[in-house]
Amino acid sequence: MSVSSSIASRSGAQERMTARERRTRFWQMVQLVPIMAILVLLFGGALVLAILQSLGFAPWFGVNTFPDFSYFGALWGSSTFWVSLGLTLYYATVSTVIALILGILLALALVKTFPSKTFYKYLYKLPLMIPYTVGIALAVLMLSNGGMLSRLAAFFGLIDDPAQFPQILKTHYGWGIIAVYVWKQTPFITLAVYAVLLGIGRETEEAAAILGANRRTIFFRVTLPQILPGVVSSTLICFAFNVGAFEAPFILGGGFPDTLPVVAWRYFNDADYTLQLQGMATVVSIGLVAGVILFGYLAAYRRYERRMGRN
Amino acid sequence: MARKFNIALSSRLSPFQKFYLLIIAGFILGPFIPLIIQSFAFRWAWPDLLPGTWWLEQRDRAMVPLAWDYVLSPYSRVWEATVNTVLIGSIVTVICLAICLPAARVLAREKFRGKSAFEFFLSLPLIVPEAAIGIALLMMFIRLGLAGSYVGIIIAHLIPTIPYMVRMLTAVYQGLGRDFEEQAMILGASRWQVLRLVTLPMLLPGVVAGALFTFLVSTNIFLLTFFLGQGQIVTLPTLLFSKIAGGTLDASAAGITLIVTLPGIILLIISERFIKEEAFGKGFGN
Amino acid sequence: MTKVQLNAVRKQFGGFVAIENIDLEIASGELVALLGPSGCGKTTTLRMIAGLERPSGGAILFDDQDVSEQPVQDRNVGMVFQRYALFPHMTVEKNVAFGLSVRGTPRAEIADRLEEMLDVVQLGQFRHRFPAQLSGGQMQRVAIARTLITKPSVLMMDEPLANLDTKLRGEMRRFIRDLQQRFGITTIFVTHDQVEAMELADRVAVIFDGHLAQYDAPDRLYRQPANLDVADFMGATNIVPAAMKADDLAETGVGAIRVAPRPGFGAGENVQVMLRSEAIDLMITQPTQGGVPGKVVARDFFGASVNYTVDCGAHRITVTEQARRLVEVDTPVWLDIDPDRVWLLAS
Amino acid sequence: MTKVQLNAVRKQFGGFVAIENIDLEIASGELVALLGPSGCGKTTTLRMIAGLERPSGGAILFDDQDVSEQPVQDRNVGMVFQRYALFPHMTVEKNVAFGLSVRGTPRAEIADRLEEMLDVVQLGQFRHRFPAQLSGGQMQRVAIARTLITKPSVLMMDEPLANLDTKLRGEMRRFIRDLQQRFGITTIFVTHDQVEAMELADRVAVIFDGHLAQYDAPDRLYRQPANLDVADFMGATNIVPAAMKADDLAETGVGAIRVAPRPGFGAGENVQVMLRSEAIDLMITQPTQGGVPGKVVARDFFGASVNYTVDCGAHRITVTEQARRLVEVDTPVWLDIDPDRVWLLAS
Amino acid sequence: QDAEAAQFRDGFLAGEIDWSAVEARAAEEGTVNLYYWGGSDLLNVWMDRVVTPALAARDVTLNPVRITGTKDAVDLVLAEKNSGKGVGQGSVDMIWLNGENFATLKRQDALFGSFARLLPNAENLEWNPDDPRALLNLRDFGVETGGAEVPWSGEQYVCAYNADRVAAEDVPSTFAELRGYLEANTGKFTYIKPPHYIGNTFVQEAIYAHNPDGNGAEPFQRSVDEIPAEELARLIAPGLDYLRDLEPLLLDAAGGTPRYPEDNAALDGLFLNGEVDFNCKFGLYAVATGLATGSYPEAATQFVFPEGNMIKNKNYLAIPANAPNPGAALVLADWMTSVEAQASKLQQTGMPAGIDGWTLEEAEAQSIVEASPGLVGVTQAELDANAAPDTNATLVDVIEATWLEYIERDSTDPIEAIVARAYDNLSK
Ligand SMILES: Nc1ncnc2c1ncn2[C@@H]1O[C@H](COP(=O)(O)OP(=O)(O)OP(=O)(O)O)[C@@H](O)[C@H]1O
Ligand SMILES: Nc1ncnc2c1ncn2[C@@H]1O[C@H](COP(=O)(O)OP(=O)(O)OP(=O)(O)O)[C@@H](O)[C@H]1O
Ligand SMILES: NCCCCNCCCN
Ligand SMILES: [Mg+2]
Ligand SMILES: [Mg+2]
């Protein structure tokens, strides 16, 4: 289609837009309208509303002290907020990193040929297809002190009371939360990396082998840099999800201090309605934190990409 | 013969990889064993490896349906939740496709001012957690009378699904190249014919992959559905959440958990036949 | 049959000028090659003629009608893309019939013309295959058939033979030539291969960097290039500086060479003398008169022909001969050159 | 410098036999071309030599040592891939230095050898570019440099020139030939272009369908193909059936032709006679003895050479001449053929 | 505001509309949206199996909306009210609630009005303010119901122990004994996390038992307006200190932080697996039903704890001011207070009757008694003898906030300061 090029060529001042061009231009914009409408009105609207409320604008609760930074002040001024933030980031980071490593390893195995490959191609996608809540249920069954692993330990005579089983769920180490995220997201990362791996083919790896590189070197210097785009976008998505997720830390977390989404949930469910605004300040903080971190990550990656001559 | 060679750069699995694959299979499938057992249990207390009393032993004496009797009865709302989940997922997918397809074309093919800002805005919902907008969205929806309605849920689900769909479709559009559409035009095809006869069929793998992902994301959404459904609209994730929120699982919760996995398994079996992994890759390529 | 004219056509991409005021007239039924190095603007020119790209300036005329406002679909042109752009999801049959079926041609007529066209390109037995199941040459023929079936009045081909092997390339060239002569369609094809251009085209337009460098019949282009660049691009090997002693005598580093006089290159001028390597006779005995003495320093065997590199003192001269005899390296030789085959170029 | 031997090497992919018992001996420092149509098994052969593919049978020997057990990394081979397989995320410099840096070569030495190699391939000024920012020829040179810098004892190149234009291809051929001679590396390169094979190689292995059809020096291959298939693949145009009247006389559809006697082709045999188009003299006056009469029916001008198609009654014979004179179509001519240049093939 | 609905409301509350007209209107409305905590399978089944057909017989379709927290429904009502949806225009017809949630709706003037005594089945309840037994019908967590909600179930906070793990002589009956038990068996007890009302109730019992004035529940019947912050702080401090000191002995406290389950399902799970030896919650018949569903260990037995402070209360059905189907809501409320409904609910879900036995005819009262799943290990007399009233709903908020601050967040501030702050926040 001549559209883009004609638009790109408009720089020449002597050129006028023809009627034909203006029409195509118009249709282009029309095609972007629905998506804009949803995102600007709903997503943007909700975001703005959340921000307004967190700044004290909530006439429907009889509160309007806009702009009022006291909610953020109260939130950020308390040490538990920072502990909660730390926990939120800790769970998100650790699980993303583990899922990333497991996912890359799995993708690397999947590009090989082996007899049960078809089975594995079904198997590994299973968690991807199932809601997080199922993962949480499985974690409860397997990992709790009354769970399957604990019972096995008792069966083998290692423990004789559930309390003796090392606590995996409901601790601030968050092993249960991490287990669920890893269980659910390893497939996602595997899929992304595997798909990218298939796309790049094996030639560069072979070239590296011929040039004398061993397997380690091939992986770190040839394969990894090429699957990086897949790695970056999938980790980004998982990390952002983990920062904002509520169910797993709520059900499997160690209680107070909770992760930020759970804190917000508790605020929203408090009998004290003024805490609603505190909750808004909390969710806005979550958005801010996720945004800042992912921005940083993306910016770093873009710089790397540019250094590599892509884009 | 040639053992070392195989290790150096082969298409076979290394011993570590074989071991790793076994571990992964255990990690993914293992937990389903106690889940299935639990769904048939009446009383299964620590430290028993199998239930002390099975549901079937108590079935006749029970004053209310237990375990699978409850799960499969209308009381559990499992059927309603399944229908809701699939229905909402499907409608969201279709709408999402309809609004993302034209946008993706423009994004893949055209240059315009503010394009990169626009693209960034499009992926913002991936970054901003649902928790951050859920309550505010609920307030808006209550005012609009959309809270607790299908329409409300479907619209809300578009927010987190659009970024996936747009990425996937933009990538396939970029991979498509203009040649084919141009060739069709030269051969005399109209705009609509180009779309119907050339563009869509060629985009199909990407479209299917995008649709599958959208459906998955939609059927996985908990918080938005939970907030906006107002208890009126029950989907599989919200139903299951209510059952396990306390952190324990009884037989009916286990049964419901199993039911919640079913659509995913069915979808997996269907999609694995029609979608090649490569199709997903496009969305993550860059 | 359509006459195509480009009048001062320009094309800019942003600030970059891809085509700078090209004038080109292609007669109805003529076969013209656009020849030039990679990136010189060949594809861009074709795309403008097809209507896929809008010229930034100038006009394109079909039979003296300006077609600037005419959308692609209505220009009745055909274009075979460099990588064919076959529709991968359609069989050979469907691909070929596409142009007719989108025009709403009646089924029966489509079937007839399809049959005829598959015959022409000899793809009848592959009709139900998909493009992925075809060889390069077959794909190329599908691409051509798909275009010809719509009876375009102007046929364009963008590097149609680039990805084929020597043998197939030869076959396809003959095939295209036959077709074009049979249907007499005004045809423009793009190539960067001079042999291809020479073999196929009635006239060749040589483009360098968005400029039309020469537009001539193949043999003129080859023997009488307009300038050094063209000569170089046409594979001229022996170009040596010389001073004109007389209208028909050039003094070069390897001695005086008789030339056919050329207007504008009088005595006293500094010129470049072009000696086509195949126009030189390699003698192993000294000729009775003239003859540049030298020594064979290298021999390259290409099957049908042999290249000798002859050291003549100031220059090394390449001589091409049909491979009927093989002169050994180090043999002393004399070069004899027909004055009519020596061409003069401005320095 | 390594001698490479393939002893009865086979390769099967599942049930499909890609290579069937190939024996091949490549002398140390020799430059061998693997020539054959698409899919015949050229790449597979290279990959086995490199160690990227395990032979299903037979053995590969480097300097009489079986290398089956040797991993790719230790074979000290170099390979230039058809599509180069440059590392897209590394600059030219990094790509070229890769082989050294993974070997742990000291920095200073890497820098020196890099400098030298970039000089050789003339890519100094592009050192900081990424592959995506290079032209095809430049990428190819990076691929070669990346391989040569490791000083492989066997260098393999898979269709190294396939995607380049005529001029660049010519330059690259000379470049490879120079390098190979300079370093004396045992070199095996794959091509489907016979001209390329002829120009570059010391010996050419022609492979058809996984079988070694002929392994010979270029001129022998060209003039004395082992069979019809090879002759055809090498571009032989005039092959006519004949009956041997005597050891040195073949009766063809266009008359009796004198041939050089060839063992095994005695009187009474039915044979095929191959007349290379450039070995035929086109006379416009009847020669004193012999001479096949005919009439020019077509002329194709290729710049350096001209092809005439001469109708001699039962067959049309193609004659190639250097383009020094142009004989008009319809001119009556006589064809004169040196008996030494006539080759006999089994029917 | 829907004028027609407003007219109906005013007319009904003024006693001008007779019941048959209400029933007619209900049939016309056709639907009733009941929002209730959907965490009990037993109750869910009962709703679908019993209530739905019963209402269908009255031409009303029950829409049972299962919510995870009652506050969600309250929030929805308030949000709709705040966005201008008046009488007849909301989406909630009835909420199952008590305590703070009722108090909130009442404070926000979001209730339909004083309907309870106008129901035909109001006769199954004691309304005489002079009869002390009417207390729980007139006051909900100390807040006057004003007939804006009708009692649905009565409950008492009862603990159970696992006889396989605890010897009968070790079973505590006071907080001091509980502590003693935990010192010997650390980690074998926990209570549901406030602000969950079951957790709140345990805290209240501890506070009653440690009341420095020795008068138990009595001072906590007043509202915040009637009791100064310092006074409240003084009264609750010993109980909260007890709980704070108990923390290191609770479940998982050895791992660093004590673990408080989020809801009673979670507590049941811990109890079943022997992670804890006791299970305290509202549940007169919890052991009987728990054994019937397999969620309790076989040896589970109830016991009296804490002596004299076993809180007893009722829970109610309220109609929001903007109920879209007020007629149907009234019909539902009436049916829910019928003897038939109460007996079947007791039998099938183990939820004690909310109507008052002494107001019933003999046979009716007998049907309720027969429906009871039964007490295990305690007698009704023991339970009655140790009963205590709820804390005033307005104080509950303060106590809850104080618990969160003082115990969960380990605040180093003195209790007085924390209570004062809570007073402040609540008055905003
Ligand atoms: N859409 C575009 N935007 C910017 N520059 C372009 C665009 N299309 C082509 N060009 C530039 O215009 C010049 C001419 O391009 P064109 O494709 O016509 O070359 P070509 O002669 O066909 O080369 P090749 O033989 O490599 O195909 C090139 O320098 C190219 O980079
Ligand atoms: N991994 C494989 N699995 C199955 N068949 C294969 C595989 N690799 C190659 N082949 C088949 O083996 C034959 C030889 O392939 P090869 O790549 O060696 O051909 P080639 O001579 O290099 O052809 P080209 O000139 O097209 O590159 C082909 O028919 C090919 O389809
Ligand atoms: N919505 C965030 C998704 C995070 C990654 N999980 C897999 C997505 C598909 N279910
Ligand atoms: Mg081009
Ligand atoms: Mg190959």
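The chains referred to below are lettered A, B, ... by the order of the sequence lines, with proteins before strands, and numbering in each begins at 1.
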- Polar side chain donor-acceptor pair, Asn44(E) to Tyr75(B), under 3.5 angstrom: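 Tyr75(B) and Asn44(E) do not have a side-chain donor-acceptor pair below 3.5 Å.
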
- Do Asn33(E) and Gln232(B) get their side chains close enough for a donor-acceptor pair, meaning under 3.5 Å?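 No - no donor-acceptor pair under 3.5 Å links their side chains.
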
- Tell me, do Gln348(E) and Met63(B) make a side-chain contact under 4.5 Å, heavy atoms counted?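 Answer no - side chains too far apart.
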
- Message: Heavy-atom pairs under 4.5 Å with chain E: which of Ala41(B), Pro74(B), Ala45(B) has the most?
- Response: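 With the most close heavy-atom pairs to chain E, the winner is Ala45(B).
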
- Message: Please rank Gly247(B), Pro65(B), Ala147(B) by heavy-atom pairs under 4.5 Å with chain E and give me the top one.
- Response: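 Greatest number of close heavy-atom pairs with chain E: Pro65(B).
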
Polar side-chain atom of [X] near backbone of [Y] as donor-acceptor pair, under 3.5 Å:
X	Y	answer
Asn273(E)	Trp46(B)	yes
Arg43(B)	Tyr296(E)	yes
Lys85(E)	Ile142(B)	yes

Specify which of [options] makes the most heavy-atom pairs with chain B at under 4.5 Å.
options	answer
Glu298(E), Arg66(E), Gln347(E), Met47(E)	Arg66(E)
Ala265(E), Ser295(E), Gly38(E)	Ala265(E)
Asp48(E), Leu267(E), Asn264(E)	Asp48(E)
Asp263(E), Thr68(E), Val45(E)	Val45(E)

Examine whether an atom of [X] lies under 4.5 Å from a heavy atom of chain B, and if so say whether it belongs to the side chain, the backbone or both; otherwise answer neither.
X	answer
Asn82(E)	backbone
Pro373(E)	neither
Pro297(E)	backbone

- Can you pull out the residues in residues 282-293 of chain E with any heavy atom less than 4.5 Å from chain B?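 Heavy-atom contacts from residues 282-293 of chain E to chain B are Thr289(E), Leu291(E), Ala292(E), Thr293(E).
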
- Nearest non-hydrogen partners of Asp72(E) and Gln230(B), listed with the distance: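 Nearest heavy atoms, Asp72(E) then Gln230(B): O-OE1, 4.3 Å.
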
- Ala266(E) to Gly246(B) - nearest heavy-atom pair and separation: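 So the two residues come closest at CB-O, 2.9 Å.
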
- For Ser252(B), is it the side chain, the backbone, both or neither that has a heavy atom under 4.5 Å from a heavy atom of chain E?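 The answer is the side chain of Ser252(B).
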
- Calculate, to the nearest 0.5 Å, the distance between atoms OG1 and CD1 belonging to Thr238(B) and Ile67(E) respectively.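 Interatomic distance, Thr238(B) OG1 to Ile67(E) CD1, rounded to 0.5 Å: 13.0 Å.
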
- Query: Quick one: OG1 on Thr248(B) to CG on Leu272(E), what's the gap to the nearest 0.5 Å?
  - Reply: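 CG of Leu272(E) is found 9.5 Å from OG1 of Thr248(B).
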
- Residues in side chain to side chain contact (heavy atoms under 4.5 Å, CB included) with Phe27(B), at least two apart?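 Only Val182(A), Trp183(A) meet the side chain to side chain contact (heavy atoms under 4.5 Å, CB included) criterion with Phe27(B).
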
